[in-house]
Amino acid sequence: MDGSRAPGAGGARPGGRGSVLRSLRRHRAPYLLLAPSLLLLLAIVAYPILDTFVTAFFKTDPAGRRSVFAGLDHFRGMAQEPLFRQILGRTFLWTVLSVSLKTLVGLVAALLLHTGLPGMHLARLLVILPWAFSLPIAAILWRWIYDSQMGMLNLLLAALGLPPQTWLAEPGLAFGATLTVSVWTGVPFMALVFLAGLQAIPEEFYEAGRIDGAGRWQEFCWLTMPLLKPTFAVATLLSAVWTFNSFVIVHVITGGGPLHATDILVTYLYKTAFEWLTFGQASAMALVIFVILFLFSVGYIRLYFREEVLSP
Amino acid sequence: MVSRRQCSRWVLWILLVLMLWPGMAWAQAKNLRVVFMEYDPKANPYYLGLGTDFEKQNPGTKVEVEIIPWAQGRDRLVVWISGGQAPDLALVGTRWLYEFVDMKAVEPLDRFASKEFQKDFYPAVLQGGYYQGHLYGLPVAVSTKSLYYRTDLFGKAGLQPPKTWDEMLEAAKKLHGSEAFGIGIAGSKHWQTLDNWTMFFYTAGGRYFDDAGKCAVNSAAGVKSLQFFVDLATRHKVTQPGPVAHNRSDIQNMFAAGKLGMVWTGPWFFGILDRDQPNLKYAVARTPKGTVNSTQVMTDSMLMFNQSKDKDLAWKFLEFMYQDQRRLGFDKAMGMLPEKQAVAKDPTFQNDPRWRQFLEELDGAVIFPSSGVWAKVSDVLVVAIQEVLVAGRPAQQALDDACRKVDEITGKR
Amino acid sequence: MSLLRAGSVYMLLGLILFGLLFPFYVMLVTSLKPMSEIFSIPPTWLPRAPTLASYLDVWRAAPLGRFFLNSLVIALGAAALTLLCAVPGGYALARYRFPGRTLVLYGILVTQMFSPVVVIITLFKVLTAYRLLNTYFALIVTNAAFALAFSLWMLTGFFQSVPREVEEAGLIDGCTTTQVVCRILVPLAAPGVATTVIYTFILAWNEYIFALTFISSTRMQPLTVGLASYIGRFTIEWNHLMAGSLMATLPVIVLFLLVERHLVKGLSAGAIK
């Protein structure tokens, strides 16, 4: 099956200056259509990423300039550092929990909003609201809400008859606190994406299902979920990648403390780069993060996208 | 639905706007770019005034004054320096000064600053601007720290302002109750925690590094002061709950809200209290003595980047900025101590007992070490403090470990 | 729908909304309090003497109008640029098989795997080299670049979900491919397009790290950076910060209301017939 579909595009060009050129000609349409995107990405993102790749193998001066070739030194350093392994583990835990909760709550919210009951227009708007705040400001607000003396959360607990907590002072509680904020920021996006996905399912499918005598739950399991799969897969994949690299929340609320209890890879990376000015080490860390996320994505896509986005 | 023609028309308009805007928005190149850190937004007119006054006195020059919040300052400067876009002059935290020198980004001021010029400054304060034998920064925003305490609560409990650690502990115990916590301490993952600890570290005679440059926090003074600091929260329980979540701003806010009997911080705070909590009854006392009377003195620094295109003009601005009257204006606006001895004689500082208290503390005050790797060292030490505070680790152990790491960082191992 | 079901839907939704909107409530209440009350321990549920002073102050203290304009230009520009790239790109990925397709899909994903923390310095150097510092263009282009991954993946999926027969029907009727895309495909994939627009707009509207780094002149700052200046060294001006932040969400809400009906649009299966 050849690649061109649009009428008049890439017709037979007799002879040719090589198969590459001919291939380019034949697939002219998709390449042209993708050109703006690729141009944008190459111009903006490609160079910094490549630069990071290279810097990971060099020692750098405090201004970030590469100096001496260091080979795998940075990586060795990371592997030997017990703190790094601890933070790595915690980042996985953080990501898995956050994405699962975001997806769950987002899906539930989308299903509820999809019911079309009166007031859903307003509810939809309200669900979006947390997303409308810039992350640093939301994070600083949450930090204040969690404050044991002046924060409203303890006030709320007191009103409900529950004991106040020093949320950001206990390692375990602090982890939960930052996790909650991460989920809070992510639910609107998930809800929106799932809602769009739900809206795209034609009503006839449901009608057909009902004619066949399907109950609500069956409808959900065998009709809604499979049709939502592409949306679901894209949303969770991207969310996982974003959450893994989610910097602002932890940095603003706890700075990684107490005692590294909330430190994730990317906040540790920030310290390595901007506080200790060891950019080579930081680049190596970025490379490790990338490899992890890349392998995860490949595996995930293989698992979920077998038919959908990747093949005809 | 939007028709195709409308579609493309919209697109064309947007593209046109996008193309034109960069041209319209590019700012004119300035002669001098000065970056200041923002202490308090209400004091910003002072900075802007410096710019316009300098322009008036030096017709033909243009000064672009940029004011950046402290929280963003260092990162921005790091990126600008690395990207070759450093300003001419900047007000920086003195800790950053050493790092920037290590980045080979700072112009030494030795050839500009005459002996006459340097003589005016308090020697201890000017010392902070020296690094590796050269003068790199002029001191600005000098502050010491003293003990703020609630005169009404003290009066009710029949207490005198504490002069020693033990007196302070007694006072905290008597004051600690439902109305207020005895004393506020900072324990969060922030350099302010380290500073807060120096209330005890320095007054126990402790030093971060010995004369050979090796880490000395695990000395007897270090262990004693750390234990005392942590005990306030864990054994005597006279602090606010969960200090490990709080930094200096938080405990200041708590004191302002009337929830703390005592807090140890700098002169800027009483300006804030006068403005926001005029009814709060408080006074300022000398930092309680351990074995010696001491306190922490902090400075910020004005520096010149070597990427500057007109260094002579930049120095002219610095000289202009350091005129006595202008320093007085700055100090009053920001709530800081004078760096120059002449300025300290002004009635503002002499007549207000609070100012006098902070000025007096300059005697015997210790400045933190001039080290280019202080950020990493500081991090290790804060972790050590948190280990003792949160995980109950023995102080000697935590500090020994910390010293081992610090020596590795400074290369003294 | 039965009353019980409707009731449980409302209750569950109410619970979720409570969790999502609690900070919003705190913001609102704080913006109406004076500074002295904000720092009271314990905090007050409602302001003792509510005042709109902060809302007015915040316009005077900082050039908020200018910040709004800057953010608007950047966010709209980024959304437009992203659509310009992602609609044709998504179509190409959805409808064509060509060598390098998988590479492109993975490659786009790769751009998301690097936190801004990592790329900021090199990106700064790149933009300096393009002479784009202190311009809107810098942020428009950066935000669009980082929004592209989601947009492309989203639109590809949506375009794929539209049956080819619909397009073929259009082509048979004599439309060119562009017309097919604009008039038929995009409306049918409207929920996807609407989501992309909202996503990119919000991404650019709330973007902080790049704006902080690439824009140093106050005149050009967007809202995120402008409002962050209320976070001072010694104290945070909560009332101003909250008032400003609340007002900053208004354009996002307006955009959402404008685009929202496309989210709701169901597939008109009649297009096939």
Side-chain angles (χ1 to χ4, degrees), chain A residues 1 3 5-6 23 27 30 33-34 36-37 40-41 44-45 47-49 51-52 64 105 109 112 115 117 123 125-126 128-137 141-142 145 149-150 152 155 192-193 196 199-200 202-204 230 234 238 241 245 247 266 269-270 286 290 293 297 309-310 312, chain C residues 6 9 12-13 16-17 20-21 23-24 26-27 39 41-43 84-85 88-89 91-92 95-99 102 109 111-115 117-119 121-123 126 141-142 144-145 148 150 153 156-157 161 177 191-192 195 202 206 208 224 227-228 245 249 252 256 263-264 266-267 269:
Chain A
M1 179 181 178
R5 264 192 84 253
S23 177
H27 301 288
L33 290 172
L34 271 173
S37 306
L40 184 61
L41 289 176
I44 301 293
V45 191
Y47 176 60
I49 290 182
D51 190 73
T52 308
V105 179
L112 294 172
T115 54
L117 288 173
L125 182 63
L126 292 177
I128 292 293
L129 271 179
W131 199 23
F133 294 117
S134 106
L135 216 47
I137 293 178
L141 177 66
W142 269 104
I145 292 177
Q149 295 305 305
M150 287 183 274
M152 291 256 193
L155 189 69
L192 196 67
V193 169
Q199 304 284 11
E203 190 56 34
E204 295 87 50
V234 172
L238 283 173
V241 172
N245 264 333
F247 168 71
V266 73
L269 189 154
Y270 168 83
F290 163 70
L293 289 175
S297 305
V309 184
L310 277 194
Chain C
V9 166
L12 200 53
L13 200 54
I16 293 178
L17 282 176
L20 289 178
L21 297 179
F24 185 67
V26 175
M27 276 187 116
F39 288 117
I41 298 176
L84 262 166
C85 295
Y91 183 74
R95 291 296 188 228
Y96 292 86
R97 295 290 155 265
F98 54 93
T102 320
L109 203 55
T111 67
Q112 300 295 293
M113 297 181 186
F114 288 86
S115 163
V117 172
V118 174
V119 296
I121 289 187
T122 325
L123 203 50
V126 165
V141 149
T142 333
L148 210 50
F150 172 74
W153 275 75
T156 306
S161 72
T177 321
T195 310
I202 291 184
N206 285 336
Y208 176 72
T224 42
L227 287 174
S245 305
T249 61
V252 175
F256 184 71
L263 278 174
V264 193
L267 277 181

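Sequence lines set the chain letters: A, B, ... in the order given, protein chains first and strands last, and positions in each chain run from 1. Note that the structure is a prediction, hence the values are computed from the model and not measured.
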| task | Look only at the side chain of A:Ser37 and the backbone of C:Cys85, and say whether a donor-acceptor pair between them is shorter than 3.5 Å. | result |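 Answer holds: yes.
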| Backbone of A:Leu135 reached by a side-chain donor or acceptor of C:Asn206 within 3.5 Å |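 Not a single qualifying donor-acceptor pair exists.
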Using non-hydrogen atoms only, which part of [X] is less than 4.5 Å away from chain A: side chain, backbone, both, or neither?
X        : answer
C:Leu13  : both
C:Ile202 : side chain
C:Tyr208 : side chain
C:Val141 : both

If you take all heavy atoms of [X] and [Y], which pair is closest and at what distance?
X        : Y        : value
A:Leu33  : C:Ala92  : CB-CB, 3.7 Å
A:Ile49  : C:Thr111 : CD1-CA, 4.2 Å
C:Gln112 : A:Val241 : O-CG1, 3.5 Å
C:Leu123 : A:Pro48  : CD1-CG, 3.8 Å
C:Pro23  : A:Leu141 : O-CD2, 3.6 Å
A:Pro130 : C:Leu20  : CG-O, 3.6 Å

| query | Do the side chains of C:Thr249 and A:Trp131 get nearer than 4.5 Å, heavy atoms only? | reply |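 The answer is no; the side chains never approach within 4.5 Å.
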| request: Taking the side chain as every heavy atom from C-beta outward, state whether A:Ser297 and C:Met113 have any atom pair closer than 4.5 Å. | output: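 Yes, close enough: below the 4.5 Å cut-off.
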| said: Determine whether A:Val193 and C:Phe150 satisfy the following criterion, side-chain contact (heavy atoms from CB on, under 4.5 Å), listing intermediate values before the conclusion. | reply: CA-CA 11 Å; A:Val193 169; C:Phe150 172 74; 4.0 Å; yes
| What part of A:Ile137 lies closer than 4.5 angstrom to a heavy atom of chain C: side chain, backbone, both or neither? |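 For A:Ile137, the contact with chain C is made by the side chain alone.
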| request: Check whether A:Leu125 gets within reach of chain C through its side chain, its backbone, both or neither, counting any heavy atom under 4.5 Å. | output: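 The answer is both parts of A:Leu125.
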| query | Among A:Tyr270, A:Phe133, A:Phe247, which residue forms the greatest number of heavy-atom pairs with chain C at distances under 4.5 Å? | reply |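 Highest number of heavy-atom pairs under 4.5 Å: A:Phe133.
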| Contact leader toward chain C among A:Val45, A:Leu112, A:Leu155, A:Leu293, where contacts are heavy-atom pairs under 4.5 Å |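 With the most close heavy-atom pairs to chain C, the winner is A:Leu155.
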